[in-house]
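For clarity, every value in this text was computed on a predicted model and none was experimentally measured. When a ligand or atom number is given, it counts from 1 through the structure's own listing order. All heavy atoms count here, side chains included; hydrogens, waters and symmetry mates do not.
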Amino acid sequence: MRIFTVCLPKYVTPVLSRWSVWDAVFLCLVLCLARADDDCPVSCVCARESGTVTCRDGEDSGDLLVDLPQWTSNLIVQGKNMSTLRRAAFTDNSTDLDITTLCLSYNGIQTIEPYAFLGLPSLHLLDLSHNRLESISTRAFFGLSQLRSLYLNYSVLPEAVMQLSIALSSQTLSNLHRLDLAGNRLKHIPLQRLDSFDLHVLVLVNNSFESITKENVSDLYQQRHMRLYLSLNPFRCNCDLEAFYYWLKNASQCPDVGRLECAEPESKRGALVEQLRAEDVDCNLENLEAVSYVFLGLVMALIGVVFLMVLYLNRGGIKKWLNNIREACRDQMEIYHYRYEQDSDPRLANVAV
Ligand SMILES: *[C@@H]1O[C@H](CO)[C@@H](O)[C@H](O)[C@H]1NC(C)=O
Ligand SMILES: *[C@@H]1O[C@H](CO)[C@@H](O)[C@H](O)[C@H]1NC(C)=O
Ligand SMILES: *[C@@H]1O[C@H](CO)[C@@H](O)[C@H](O)[C@H]1NC(C)=O
Ligand SMILES: *[C@@H]1O[C@H](CO)[C@@H](O)[C@H](O)[C@H]1NC(C)=O
Ligand SMILES: *[C@@H]1O[C@H](CO)[C@@H](O)[C@H](O)[C@H]1NC(C)=O
Ligand SMILES: *[C@@H]1O[C@H](CO)[C@@H](O)[C@H](O)[C@H]1NC(C)=O
């Protein structure tokens, strides 16, 4: 196309006078469009009508994507070996792009450097799922004030969880509606506060949550419009679950509540959290039971001690009593013996007679 553009004037100019101005305008438009198509980055597919640029597979240094057409509104990059998202990875930092959707799943991204998304002030949706994030800069999400959906499912390695928490909290993601953190082996909600966002959906499916802490539950009660997805987590169904259990029952903020299962203790494995009885999660009851056993033990011990003391104090009397018994026995024996001897004598006499 570029060759065409260059060659065109040479033979067009002589005939131009015969053409109307409108023909010229039309030709120019066609040429402009053709020129724009030319902007499609190498190894990408561009669909101008939908504003979509799709770049799949192949090696990529990451710098290649800086030359995006101005009309791009959806950018899909997949299967590239990107490893690091550098500062202003998608723009040179002088020009803003009007991109609203950026999908970067399955790119093996490990590091997000500061200001990586600079120049994308209109970004609504950022999909970073299925990467291997191990380093996330505190300023990684800088400038994404319009961001509504952030997908980080199956992407965050354990060493980056703390960094993610800081990065999310220190940026003004005040419009964030949906945060997907499924499949990241999380044990805690990696957000310091919930009220700094406008979250409507928080997906924590398929992580390592054993419970939701009391502090977090009271935070959740404050965010009435928020929905929290929690299935496929290994809940530990003892009395630590109490606050969470009542939140599940009372707040109706967990749409997949019917699929939350206990993983522990052994006796409750596979049981639905929703169907636990209040006694199962009642710490007072559990404590009461323990207390009552201790109390019973103490009472028994006390009785034992009293018994031993009575024995000890009465040792004189007991000795006397034992002696008495012994003497009584002896007397009895003697009487018996005596009788026996008396009885036997006449018989012997009879025999002798
Ligand atoms: C990705 O790139 C890194 C270096 O940039 C290289 O070591 C690695 O082998 C590449 N991986 C794949 C799957 O191409
Ligand atoms: C882009 O950012 C770098 C790093 O801060 C800076 O040195 C450079 O001048 C900036 N370029 C433009 C065109 O603003
Ligand atoms: C990741 O999250 C997004 C948004 O919730 C979803 O559309 C996508 O299917 C998820 N991917 C997987 C593999 O669950
Ligand atoms: C849960 O996540 C693990 C990896 O963290 C994955 O292997 C497994 O397939 C996921 N399970 C479901 C049901 O998505
Ligand atoms: C959740 O609770 C932990 C302490 O248990 C706290 O550090 C964290 O900030 C809380 N997060 C939210 C979102 O309430
Ligand atoms: C939740 O409901 C239970 C009983 O249904 C009640 O005892 C408890 O106080 C409620 N908790 C809150 C915080 O509303």
So what's ligand 4 close to, N/O to N/O, under 3.5 Å?
unit_1: ligand 4; atom_1: 2 (O); unit_2: N206; atom_2: OD1; d: 3.3
unit_1: ligand 4; atom_1: 2 (O); unit_2: N206; atom_2: ND2; d: 2.3
unit_1: ligand 4; atom_1: 11 (N); unit_2: N206; atom_2: ND2; d: 2.8
unit_1: ligand 4; atom_1: 14 (O); unit_2: Y154; atom_2: OH; d: 3.3
unit_1: ligand 4; atom_1: 14 (O); unit_2: N206; atom_2: ND2; d: 3.4

Taking atom types as modelled, is there a side-chain donor on [X] or [Y] under 3.5 Å from an acceptor on the other?
X    : Y    : result
R56  : Q78  : yes
D240 : S211 : no
Y154 : N206 : yes

Give yes if a backbone or side-chain nitrogen or oxygen of I189 is under 3.5 Å from a nitrogen or oxygen of ligand 5, and no if not.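 I189 vs ligand 5: no N/O contact under 3.5 Å.
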
Could you tell me whether some N/O pair between Q192 and ligand 5 is separated by less than 3.5 angstrom? yes

I'd like to check the ring-ring contact (aromatic ring centres under 6.0 Å, His included) partners of F244; sequence neighbours left out, ordered by chain and number. F235, W247

Enumerate donor-acceptor pairs with a distance under 3.5 Å from any side-chain N or O in residues 134-142 to protein atoms, sequence neighbours excluded.
unit_1: S137; atom_1: OG; unit_2: R139; atom_2: N; d: 2.9
unit_1: R139; atom_1: NH1; unit_2: Y115; atom_2: OH; d: 2.9

Not counting sequence neighbours, which residues clear side chain to side chain contact (heavy atoms under 4.5 Å, CB included) with R277? List them please.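 Testing R277 for side chain to side chain contact (heavy atoms under 4.5 Å, CB included), a comparison that skips the adjacent residues, returns E279, D280.
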
List ligand 3 atoms under 4.0 Å from Y151, heavy atoms only on the residue side. 3 (C), 4 (C)

First locate atom CG of N324, then atom NZ of K319, and finally report the distance between them rounded to the nearest 0.5 Å.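 Result: 13.0 Å between the selected atoms.
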
Between ligand 3 and S129, is the shortest N or O to N or O distance under 3.5 Å? no

May I have the step-by-step check of side-chain contact (heavy atoms from CB on, under 4.5 Å) for L220 and I212, ending in yes or no? CA-CA 10 Å; L220 288 169; I212 302 286; 4.2 Å; yes

Need the ligand 5 atom indices (1-based, order shown) with element for anything under 4.0 Å from a heavy-atom of D219.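 Heavy-atom distances to D219 below 4.0 Å select 12 (C), 13 (C), 14 (O).
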
